[in-house]
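After the structure tokens below, expect a handful of questions from me.
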Amino acid sequence: MARFIDELRRTHYCGDLRADDAGREVVLYGWVARRRDLGGLIFFDLRDREGITQVVFDPGFRPDAPVREPLGEGDPAWDEDRVAAAYRQAERVRREWVVGVRGIVRHRGGNAKSDLATGDVEVMASELEVFNRAETPAISLEEVIDSDEETRLRYRYLDLRRLPLQRALRLRHELNQAARHYLSSQGALELETPIICKYTPGGARNFIVPSRLSPGKFYALAESPQLFKQLFMVSGFDKYFQIVKCFRDEDLRLDRQPEFTQIDIEMSFVNQDDVFRLVEGLVFAIFEATGAADLPTLYPDRCFPRMSFQESERRFGNDKPDTRFALELHELTDLVIEHEGGGIPLMEAVASKFANGSYRREVPGEVVKAFVIPAAAKLSRKQVEELEKGLKEISGFAGLGRAKVGEDGTWSQSPFAKVVTDTFRSALNAATGAEPGDVLCLSVGKPAVVNAALSKLRLDVGRKMGLIPASGHGGKWEFLWVVNPPLFEDDGEGGFVAAHHAFTRPIDDHLDLVETDPARVLCYRYDLVLNGVELGGGSIRLHDPEVQRRVFRTLGIEDAQAQAQFGFLLDALRSGAPPHGGIAIGMDRLAMLLSGAATLRDVIPFPKTNQGIDLMSGAPDHVLPAQLSEVYLRSTASEGSDPTA
RNA sequence: GGGGUAGUAGUUAAGUUGGUUAUAACGCCGGCCUGUCACGCCGGAGGCCGCGGGUUCGAGUCCCGUCUACCCCGCCA
């Protein structure tokens with residue numbers, strides 16, 4: 001081994017060799033991906049991170065020409081005894097053994113393999129060194145495997161040898177490098193913020209870290225660098241970025257992990273447009289570096305389109321519309337009011353509440369919206385009912401009122417067919433553009449519920465119609481800024497809570513409404529959406545302590561309370577805070593979209609399961625009582641036996 | 001916290017109405033093979049049917065519970 005590592009340095013990676021390397025002596029290191037023993041002739045597919053090269057063990061082979069670039073004097077490139085020994089050793093090698101190979105590159109002639117980058121050549125082995133044996137791998141290491149993800153995660157170090165994951169992690173590297181390079185070139189400083197920090201209530205649940213030095217007290221793992229990056233602005237660093245791990249102790253999804261990485265940015269003396277320009281430049285740089293798509297062709301003016309939050313909710317039913325396809329929702333509340341319900345009892349009830357002032361048009365208590373399943377979708381009645389059943393999981397969802405539109409515009413297969421007035425039916429058909437054969441899906445209820453149901457229905461139908469793939473980008477890249485959502489949200493008890501967080505600046509025209517009509521106050525907040533996935537979000541912050549106090553008051557947070565929770569930030573804002581704003585881009589999600597991966601787990605080296613468990617290492621785990629008492633803790637967990645107790 | 005799907009050999013799956021010794025492919029082990037490249041041919045080993053209980057003459061199959069993973073709602077930027 002010493003001879004190989006010390007004297008025979010690697011000359012190439014396994015993906016490097018090409019036809020014009022023929023005749024050259026080379027040294028490769030790697031893993032034996034496959035072995036084909038023909039009896040008297042053995043082939044290895046030798047694999048390293050750059051690719052695969054075929055290595056041949058042929059005891060009868062003799063070089064027909066002097067070898068170029070011999071390695072070392074007095075150490076001939078071809079020694080028949082050594083070649084024979086290498087062949088005998090190759091007979092015993094198994095897949096995934098780690099080996100070094102010395103040999104001569106030869107053109108494969110008629111045996112060339114066109115689907116392999118190195119397929120024109122092979123290495124005739126003159127020497128073989130086995131660095132390590134390997135147990136038979138628990139999972140197949142082929143590019144496409146059907147192993148259960150549970151098994152793959154348990155043997156993550158094997159799974160990571162597979163080409164898709166090798167590619168995904170390399171893409172992460174390229175993404176990160178491009179982001180660093182671009183943001184640095186734009187004058188942003190890469191500064192670090194604390195990971196263990198002060199617990200702040202509200203927002204995402206924090207992971208709690210007990211303090212050994214402060215008995216009974218706890219740190220929290222940062223759910224984001226939000227407060228600290230604002231303090232950087234207060235301190236005059238002007239423009240900051242960080243590629244930073246964040247931690248949230250919430251339930252997980254395919255696009256949600258307990259620890260994840262953000263490209264975090266904050267800037268001073270900027271407005272919304274300035275943030276957009278920087279992020280658009282960043283995204284362009286990342287796409288160029290990773291070769292994911294030619295964005296300058298798709299967005300010639302190098303800007304992404306913008307849509308107000310309200311328009312997004314109205315047309316698509318959510319704040320992260322997948323704009324790769326149309327099939328928009330139809331807002332019918334006004335029409336229903338105009339027709340006083342049009343004979344449909346459910347809608348008459350809604351119309352009368354608007355008429356008697358129970359509901360306000362500006363902030364409606366209930367809405368009526370529709371989605372049209374085009375005849376072209378060719379969905380059977382059963383399939384439509386199947387889709388509707390899928391909406392049942394949305395809490396508060398009461399079901400759809402469906403109507404199949406006939407040749408003459410009449411409705412059938414509908415609970416409303418008999419009661420709806422002709423004029424209202426015609427008006428509805430016209431407003432929704434419903435054509436004969438289409439299925440009109442009507443939903444009445446609280447805006448959040450109606451929108452949740454219809455936006456899900458829209459995506460389901462889009463997928464069923466093949467307008468978007470079940471996962472991946474499908475070759476389309478639709479970016480969108482969704483801007484200016486409401487600052488406050490009804491808390492259901494006559495008060496208000498912050499829709500996102502309390503440090504977002506209300507739009508200038510709405511400052512007066514903070515006290516008088518909070519529900520209508522919009523703010524300088526923005527989300528970047530790609531193909532219906534929320535890539536990131538940010539805001540222009542509230543840098544004015546006076547306005548901040550008014551916002552807190554509307555939220556029912558007293559000065560003393562605010563001081564206790566956010567004291568250092570409020571103090572800092574009073575110490576001379578510049579106008580500032582920023583954004584955080586979900587790096588994992590971006591990597592997922594760029595790579596076409598179906599889940600975040602495929603672009604994170606060592607992900608957790610939906611239960612937050614690392615199947616490979618077994619984290620989280622019990623700790624010894626002594627370790628607990630050192631941090632002044634005792635577990636109250638009753639279920640399960642603690643083997644260390 | 002709630003809903004859904006799945007769990008059988010190392011891996012992926014089949015297993016009919018509850019009925020003899022639980023199948024197959026890949027992988028693994030042994031043998032043969034000098035141009036393979038998903039090499040081929042011959043032979044072989046390999047099972048707590050997730051776990052625990054129940055029904056039954058008899059359970060992979062039916063019932064109850066439980067664990068694990070995945071997808072979704074709630075939650076979450």
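Here is how names work: the chains are called A, B, and so on, in the same order as the sequence lines, proteins then strands, and each is numbered from 1.
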Subject >> Spacing of the P atoms in G3(B) and U66(B) (rounded, Å) >> reply: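 Approximately 11 Å lies between the P atom of U66(B) and that of G3(B).
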
**OP:** Please state the C1' separation for the pair A14(B) and G54(B) - nearest whole angstrom.
**Re:**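 A14(B) and G54(B) have their C1' atoms separated by 28 Å.
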
Original post:
So what does Arg94(A) touch, heavy atoms closer than 4.0 Å: a base, only the sugar-phosphate, or nothing?
Top reply: sugar-phosphate

**OP:** Whole angstrom is fine here: how far is it from NZ in Lys456(A) over to C1' in C72(B)?
**Re:**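 My rounded result for the distance is 7 Å.
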
**OP:** Assign each of Leu615(A) and His501(A) to its nearest nucleotide of RNA chain B by heavy atoms, then name whichever residue's nucleotide is nearer the 5' end.
**Re:** Leu615(A)

**OP:** Give one of base, sugar-phosphate or nothing for Arg34(A), where a contact means two heavy atoms less than 4.0 Å apart.
**Re:** sugar-phosphate

**OP:** For Ser147(A) and for Leu153(A), find the nucleotide of RNA chain B with the closest heavy atom, then tell me which residue's nucleotide is more 5'.
**Re:**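 Result: Ser147(A).
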
Original post:
Across the strands shown, which category fits Asp58(A) at heavy-atom distances under 4.0 angstrom: base, sugar-phosphate, nothing?
Top reply: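 Here Asp58(A) touches the bases of the nucleic acid.
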
Original post:
How far, in whole Å, is G50(B) from C73(B) if one measures between their C1' atoms?
Top reply: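 Result for the C1' pair: 27 Å, nearest Å.
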
**OP:** Look at atom CZ of Phe218(A) and say whether more than 12 heavy atoms of other residues, nucleotides or ligands are closer to it than 6.0 Å.
**Re:**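 Buried by this count: over 12 neighbours within 6.0 Å.
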
Original post:
Phe57(A) and ring-ring contact (aromatic ring centres under 6.0 Å, His included): which partner among Phe43(A), Tyr87(A), Phe44(A)?
Top reply: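 Result for ring-ring contact (aromatic ring centres under 6.0 Å, His included) with Phe57(A): Phe44(A).
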
Original post:
What's the closest nucleotide to the Asn610(A) side chain, out of A69(B), C37(B), C71(B)?
Top reply: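 Of the candidates, C71(B) comes closest.
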
Subject >> P spacing across the pair G35(B) / A22(B), given as an integer number of angstrom >> reply: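 Between the two P atoms, the distance is 42 Å.
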
Original post:
Does a side-chain N-to-carboxylate-O contact under 4.0 Å join Arg34(A) and Glu142(A)?
Top reply: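 Looking at Arg34(A) and Glu142(A), the cut-off is met.
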
Subject >> Closest nucleotide among G1(B), G35(B), C70(B) to the Leu38(A) side chain >> reply: G35(B)

**OP:** Examine C37(B): is either OP1 or OP2 under 4.0 Å from a nitrogen or oxygen in the side chain of Asn111(A)? Give yes or no.
**Re:**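 No.
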
Subject >> Within 45° cone and under 6.0 Å: Arg49(A) NZ/CZ vs Tyr13(A) ring >> reply: yes

Original post:
Below 4.0 angstrom from OP1 or OP2 of U12(B), is there any side-chain N or O of Thr151(A)?
Top reply: yes

Original post:
Which atoms form the tightest heavy-atom contact between Val603(A) and Ala597(A), and what is the distance?
Top reply: CG1-CB, 4.0 Å

Original post:
So does Lys369(A) pair up with Glu313(A), basic N to acidic O under 4.0 Å?
Top reply: no

Subject >> Residues Asp146(A), Arg152(A): salt bridge by 4.0 Å N-O rule >> reply: no

**OP:** Determine: side-chain N/O of Thr136(A) to OP1/OP2 of G27(B), distance under 4.0 Å, yes or no.
**Re:**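 No, outside the criterion.
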
Original post:
Would you say a side-chain N or O of Arg92(A) is under 4.0 Å from OP1 or OP2 of C29(B)?
Top reply: no

**OP:** Please check the phosphate of C70(B) (OP1 and OP2 only) for any side-chain N or O of Lys608(A) closer than 4.0 Å.
**Re:**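 For C70(B), neither OP1 nor OP2 has a side-chain N or O of Lys608(A) closer than 4.0 Å.
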
Original post:
Any donor-acceptor pair under 3.5 Å between the side chain of Arg253(A) and the base of G74(B)?
Top reply: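 Donor-acceptor pair under 3.5 Å: yes.
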
**OP:** Whole angstrom is fine here: how far is it from CZ in Phe397(A) over to C1' in C73(B)?
**Re:** 13 Å

Original post:
Distance between the C1' atoms of C49(B) and U23(B), in whole angstroms?
Top reply: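 Nearest-Å result for C49(B) against U23(B) at atom C1': 12 Å.
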
Original post:
When only distance counts, do a donor and an acceptor, one from the side chain of Arg108(A) and one from the base of C37(B), lie under 3.5 Å apart?
Top reply: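 By the distance-only test, yes, there is a pair.
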
Subject >> Polar side-chain contact Asp148(A)-G7(B) base: donor and acceptor under 3.5 Å >> reply: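 Check fails, no donor-acceptor contact within cut-off.
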
Original post:
In whole Å, what separates the C1' atom of A38(B) from that of G74(B)?
Top reply: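 Nearest-Å result for A38(B) against G74(B) at atom C1': 46 Å.
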
Original post:
With respect to the phosphate group of C71(B), does any side-chain polar atom (N or O) of Arg601(A) fall under 4.0 Å of OP1 or OP2?
Top reply: yes

Original post:
Does Arg35(A) pair with Glu91(A) as a salt bridge, N-O distance under 4.0 Å?
Top reply: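 Judged by the 4.0 Å cut-off on N to carboxylate O distance, Arg35(A) and Glu91(A) do not form a salt bridge.
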
Original post:
Any ion pair linking Arg205(A) and Glu223(A) (charged N to carboxylate O, less than 4.0 Å)?
Top reply: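 Result for this pair is no, no salt bridge flagged.
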
**OP:** Report the distance from atom CD of Glu143(A) to atom C1' of C37(B), rounded to the nearest whole Å.
**Re:** 16 Å

Subject >> Separation of U36(B) C1' from Arg106(A) CZ (nearest whole Å) >> reply: 12 Å

**OP:** Whole angstrom is fine here: how far is it from CG in Leu252(A) over to C1' in A69(B)?
**Re:** 13 Å

**OP:** May I ask you to say what Thr599(A) touches in the nucleic acid, namely base, sugar-phosphate or nothing, with a heavy-atom cut-off under 4.0 Å?
**Re:**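 The answer is nothing, as Thr599(A) stays clear of every strand by at least 4.0 Å.
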
Original post:
Which of these nucleotides, G27(B), G35(B), C70(B), is closest to any side-chain atom of Glu149(A)?
Top reply: C70(B)

Subject >> Listed nucleotide nearest any side-chain atom of Asp251(A), set C37(B), C28(B), C75(B) >> reply: C75(B)

Subject >> U56(B) - base-pair partner by Watson-Crick or wobble geometry, distances under 3.5 Å >> reply: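 WC or wobble partner does not exist here.
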
Original post:
Between U68(B), U12(B), C76(B), which one does the side chain of Ala204(A) approach most closely?
Top reply: C76(B)

**OP:** Describe the nucleic acid contact of Arg154(A) in one word from base, sugar-phosphate, nothing, applying a heavy-atom distance below 4.0 Å.
**Re:**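 Touches nothing.
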
Subject >> Out of C72(B), G30(B), U36(B), whichever nucleotide has its closest atom nearest the side chain of Arg36(A) >> reply: U36(B)

Original post:
Ser140(A) near the nucleic acid: base, sugar-phosphate alone, or nothing, with a heavy-atom cut-off under 4.0 Å?
Top reply: nothing

Original post:
How many Å lie between CD1 on Ile145(A) and C1' on A13(B), as a whole number?
Top reply: 15 Å

Original post:
Is Gly586(A) touching bases, backbone alone, or none of the nucleic acid, heavy atoms closer than 4.0 Å?
Top reply: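 Nothing: the residue Gly586(A), judged by heavy atoms under 4.0 Å, touches no strand.
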
**OP:** Examine Phe276(A) together with Tyr526(A) and report whether their ring centres are nearer than 6.0 Å.
**Re:**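 They qualify: ring centres under 6.0 Å apart.
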
Original post:
So what does Asp37(A) touch, heavy atoms closer than 4.0 Å: a base, only the sugar-phosphate, or nothing?
Top reply: base

**OP:** Scan Leu254(A) against the nucleic acid and name what it touches under 4.0 Å (heavy atoms): base, sugar-phosphate only, or nothing.
**Re:**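 Sugar-phosphate only.
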
**OP:** Grab the NE2-C1' distance between His107(A) and G35(B) for me, whole Å please.
**Re:** 15 Å

Original post:
Base, sugar-phosphate, or nothing: which does Glu122(A) touch, judged by heavy atoms less than 4.0 Å apart?
Top reply: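 Base, at least one base heavy atom under 4.0 Å.
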
Original post:
Can a donor-acceptor pair under 3.5 Å be found between the side-chain atoms of Arg256(A) and the base atoms of C76(B)?
Top reply: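 Answer is yes: a donor-acceptor pair is held.
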
**OP:** Please state whether the base of U68(B) and the side chain of Gln611(A) form at least one donor-acceptor pair under 3.5 Å?
**Re:** no

Original post:
Gln54(A) has an atom CD; how far is it from atom C1' of U34(B), in whole Å?
Top reply: 13 Å

Original post:
Base, sugar-phosphate alone, or nothing: which one does Leu116(A) contact when heavy atoms must sit under 4.0 Å apart?
Top reply: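 The answer is nothing, as Leu116(A) stays clear of every strand by at least 4.0 Å.
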
Subject >> Inter-nucleotide P distance (G60(B), G18(B)), Å rounded >> reply: 13 Å

**OP:** Return the nearest nucleotide to the side chain of Ala138(A); candidates are G10(B), C76(B), C37(B).
**Re:**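 It is G10(B).
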
Original post:
A6(B) and C57(B): how far apart are their P atoms, nearest whole angstrom?
Top reply: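 Per the computed distance, 30 Å lies between those P atoms.
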
Subject >> Sugar-phosphate, base or nothing in reach of Ile139(A), heavy atoms under 4.0 Å >> reply: nothing

**OP:** Would you indicate what Glu142(A) reaches in the nucleic acid, counting non-hydrogen atoms under 4.0 angstrom: base, sugar-phosphate, or nothing?
**Re:** nothing

